[in-house]
Amino acid sequence: MGSSAAIPLRPLGLTSAQFVTRSREAGRRGAPRDEYKALFRQGIVPPGCELTDHPVTATLVEGETSKFVLRHEDGLETESVLIPMPRASGTTTTLCVSSQIGCAMGCRFCETAQMGLLRNLRADQIVHQWWAGTHRVERASGNTIKNIVFMGMGEPTDNIDEVIQAIRVLVDHDGAMVPASNISISTVGNPDGIAKIGELVRENGFHRLNLALSLNAPNDEIRSSIMPVNKAWPMARLKDALLAFPRFSQAAFCVEYVLIPGVNDADAHCDEVCAFLRDIRCSLNVIPYNPRRNSPWPAPAESDVERFIARAVANGQFTKRRGTKGRDVMAACGQLGNEKIRNRKLISDVGISTPVSLGMPPHAARDAEKQA
Ligand code: SF4
C-alpha cells in the first residue's frame with residue numbers, strides 16, 4: 001500500500017467521485033465514500049487528509065450578522081459572513097463566501113477594491129468557508145446554513161474554474177448536498193464568465209443556480225466612472241451575455257443596483273435602467289450605498305431610496321429593496337468589505353474543534369481583544 005501522507009488529499013476541493021478515485025490512487029484503506037460523508041455531514045476530517053487552512057477567527061459585525069476569517073498557509077486571510085434571514089417559517093442563515101483574496105476589478109464604491117487582488121482561492125478554500133461555517137462556527141447558533149452567495153471578496157468570474165469546481169463539490173449528494181437553487185453567483189458582468197456559468201446551468205442538477213449582476217449604473221458613462229471593468233465589457237455586451245444565458249423556470253436572476261447619491265440616483269437614471277432591463281426577465285434590487293472608508297459619497301437619504309424604487313415600479317420593473325441590516329451588509333459584491341466588517345474586532349481564536357458563540361456585543365469583543 002502507498003503512503004497516504006505521500007499524496008496529501010484536500011477533500012474539500014473534490015467531489016465524492018474524485019475523492020474515491022484519489023483515495024484509491026493514494027493507496028488509502030477504508031471506505032472513502034463514508035469518510036467523505038462524515039467529513040461534510042459531521043465535520044470529521046479523514047486520516048491523511050489536509051484542510052490546509054486554519055480556522056477560525058469569529059467576529060461580530062453588527063446585530064446578528066457575523067464574520068469569520070480563515071487563515072491560510074501563506075498567512076493571508078479569507079473573510080466570510082453569516083447572515084440570519086428572518087422568514088415566515090423561521091430564521092435561516094445565508095453564508096456569503098469569498099472567491100478571491102482581494103479583487104482586481106477596482107470598483108470605486110468597494111472596500112475590497114482598495115486591497116487589489118492578492119490571489120485566487122482554490123476550490124477547497126472556497127468550500128472550506130462552508131465547512132467551517134457549518135461545523136466550526138455556525139453550529140453554536142443552532143441555525144444551519146441554507147443559502148450560499150458568492151458576494152464576498154473577489155469577482156467569481158475572475159476565478160471561474162475554481163468557483164465552478166467549488167459549486168460541484170457543494171451540491172454533491174454524498175457531501176454537503178446544498179441544492180443548486182440555494183446558491184447564487186454575483187458578478188460584475190464578465191461576458192466570458194457568464195457564458196461559463198451558463199454552461200454549468202445547462203447541466204442536469206444545476207438548472208436552478210442563481211445569477212446576480214452587479215450593474216449599479218444606467219449607462220456606460222456612469223458605469224465606467226464607478227466600475228472600470230465596464231470599459232472592457234460595456235453594457236451592450238453585457239446585455240448580449242445576459243440574453244444568451246439559459247433561463248430555467250424558478251431560477252432567480254437579480255440585477256443589483258447600489259444607489260449612490262449624486263451618481264446614479266436621478267429620476268432619469270431610473271428610467272434609463274428600466275429601459276435597459278426591459279427585455280431581461282429580472283428583479284432589480286436597489287441597495288442603499290453603504291459608505292466605505294474614505295468614501296467620496298454619503299449614504300443616500302431614505303426619501304431618495306423610496307423615490308427611486310417607486311419610479312422603477314411605476315416603470316413596470318419588478319423591484320425590491322434590501323430589508324434588514326444583515327442583508328444590507330451582504331447586499332452586493334463590494335458592499336461586503338465595509339468598515340464594520342473589515343475592522344478586526346476579534347472575539348476569540350477558535351480551535352479546530354471548538355465552536356464559538358457569536359452573541360457577544362462589540363464592546364465585549366474589544367475588551368476580549370485587549371486582553372488577548
Ligand atoms: S465590487 Fe466586487 S468586483 Fe468590484 S472591486 Fe469590489 S469585490 Fe471586486
Side-chain angles (χ1 to χ4, degrees), residues 61 67 69-70 76-81 83 94-121 125-126 129 148-160 162-163 166 184-194 196-197 210-217 220 222-235 237-238 241-242 254-260 263-264 285-297 299-300 322 327-343:
V61 179
K67 181 189 82 170
V69 171
L70 296 180
L76 295 176
E77 294 177 338
T78 301
E79 298 178 337
S80 319
V81 182
I83 305 144
T94 292
L95 172 68
C96 181
V97 294
S98 295
S99 55
Q100 298 178 306
I101 302 178
C103 184
M105 298 294 124
C107 303
R108 284 190 61 216
F109 51 84
C110 172
E111 178 79 13
T112 304
Q114 315 293 308
M115 299 169 68
L117 176 64
L118 301 185
R119 70 170 169 80
N120 285 333
L121 293 176
Q125 293 171 326
I126 296 171
Q129 297 169 62
I148 300 172
V149 293
F150 284 82
M151 291 185 183
M153 294 169 81
E155 161 57 31
T157 62
D158 201 30
N159 186 21
I160 192 65
E162 296 297 314
V163 166
S184 299
I185 305 176
S186 176
T187 173
V188 293
N190 172 346
D192 295 338
I194 291 173
K196 279 202 170 182
I197 298 167
N210 302 296
L211 183 70
L213 169 71
S214 192
L215 184 66
N216 308 320
D220 280 326
I222 294 175
R223 195 161 192 263
S224 295
S225 74
I226 56 175
M227 300 176 73
V229 293
N230 193 68
K231 292 174 191 150
W233 309 314
M235 285 170 64
R237 235 188 118 193
L238 193 52
L242 296 177
C254 298
V255 170
E256 312 284 3
Y257 195 95
V258 177
L259 198 70
I260 308 175
V263 174
N264 61 5
N285 287 356
V286 176
I287 302 146
Y289 174 59
N290 198 352
R292 62 168 171 79
R293 274 177 283 190
N294 305 317
S295 168
W297 311 293
R322 294 298 179 180
R327 289 191 201 186
D328 285 347
V329 170
M330 55 70 71
C333 155
Q335 294 281 282
L336 169 63
N338 66 47
E339 185 172 13
K340 291 190 179 93
I341 291 181
R342 296 200 55 78
N343 259 354

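Just follow the structure's listing: the first ligand is 1, and inside any ligand the first atom is 1. One-based numbering along the sequence shown.
Of all atoms in ligand 1, listed by their number and element, those nearer than 4.0 Å to a heavy atom of Met105 are 3 (S), 4 (Fe), 5 (S), 8 (Fe). Under a 4.0 Å criterion applied to the non-hydrogen atoms of Gly106, ligand 1 contributes the atoms 5 (S). Near Cys103, meaning under 4.0 Å from any of its heavy atoms, are these atoms of ligand 1: 3 (S), 5 (S), 7 (S), 8 (Fe). Every atom of ligand 1 with a heavy atom of Val188 under 4.0 Å away is listed here by number and element: 3 (S). With ligand atoms numbered from 1 in the order given, ligand 1 contributes 5 (S) to contacts under 4.0 Å with heavy atoms of Ala113.
Applying the side-chain contact (heavy atoms from CB on, under 4.5 Å) test between Asn230 and each of Asp220, Ile222, Leu215 identifies Asp220 as the sole match.
For a distance bound of 2.8 Å, the N, O or S atoms of Cys110 include none lying that close to atom 8 (Fe) of ligand 1.
Residues that satisfy the side chain to side chain donor-acceptor pair (under 3.5 Å) test with Asn190, not counting sequence neighbours, are absent from this structure.
Using modelled atom types, one finds no donor on one side chain facing an acceptor on the other under 3.5 Å when comparing Asn120 with Glu162. In the model, Glu155 has no side-chain atom that pairs as donor or acceptor with a side-chain atom of Ser99 under 3.5 Å.
Here the side chain of Ser98 pairs no donor or acceptor atom with the backbone of Gln100 at under 3.5 angstrom.
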